[in-house]
Amino acid sequence: MNLAPETRKIIVVWLVLSAIAVPLVVLVLGPHLPPGKMSAEASDQTNANTILTALIAPIVLLLAVYFGYSLIVFRARPGEPEDGPPIQGHGPTQVLWIVVTSAIVLGLAVWGSDTLIVSAHGAGGGQGPNPDALPPHASQALQVQVIGQQWNWTYRFPSYGGLETAHLELPNDQDVELHVTSLDVVHSFWAYQLGVKADAVPGVDNIAFVHPKRLGNFSIRCSELCGLWHGHMFQTGQVVSPPQFASWIEQQRRAEAANLKYLPPYARSYFPEPLRRAG
Ligand SMILES: [Cu+2]
């Protein structure tokens, strides 16, 4: 192809910078991108963020190089005419632009749909009562109900007699099926390092899956403005080893036994008090 010398220089600078930037994004920046690698779902989100950033880097660089080169080289110097000759379109550039941008957008749409639905990586987002994206061993998942109310979170474990706990511990390396709901207004359960964010809506059983992969603490926040003390609605949860989880839940069962009889029976959702009283 017959390229003007300026075009060739811009392309060379762009290729060199891209060849440096893309590996830096993948190897250096990627591991620090949110939300981290604490669960399978979080890892998938971090990988998606890395791929998108790596793909965007050459596009941003092309614009920056072209912009910088034009500012320096094509600057009007004293005595030169103010404007150059008009340009009347350029077929190859237009075709290349349309082909490349279409390929990027369509490729990302196919990849995004596949990772969300087929590969079940969208399982941490809260998919309503009948999720489309199921992790491989969904039927053996530990069921945990997450209940939001102004202004705190509580948790119920149907496989442990409907036990309710004031904070959340999860066993490592096991599928967990979160049933997110609310007792009053709309909240949003956001377990940041686990890559889970699901709306908590009264009367709705919103299911999100998570598969913790690393031991440690994760922060839980409400991410839906829900009233005066919305900002107070945070906790710290723990991913612990399965034996630690077993002894924690046993201890909770003993501590909460006296309170259990005051709770309504475990249900997939609850309605606010005034509505319940109204029948
Ligand atoms: Cu809230």
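Numbering of ligands and ligand atoms starts at 1, following listing order.
With salt bridges taken as basic N to acidic carboxylate O contacts below 4.0 Å, none links E6 and K9.
At a cut-off of 2.8 Å, measuring from the Cu ion (ligand 1), the protein N, O or S atoms that fall short of it are H187 ND1, C222 SG, C226 SG, M233 SD, waters left aside.
The list of side chain to side chain donor-acceptor pair (under 3.5 Å) pairs with a residue in residues 47-66, not counting sequence neighbours, reads K37-N47. Counting only residues at least two apart or in different chains, salt bridge (charged side-chain N to carboxylate O under 4.0 Å, His left out) contacts with residues 214-231 are absent.
For the side-chain hydrogen bond (donor to acceptor under 3.5 Å, both in side chains) test, residues two or more places apart in sequence or in another chain that qualify with H90 are T93.
Ring centers of F157 and Y266: at least 6.0 Å apart, outside the cut-off.
A side-chain donor-acceptor contact under 3.5 Å links Q193 to the backbone of S219.
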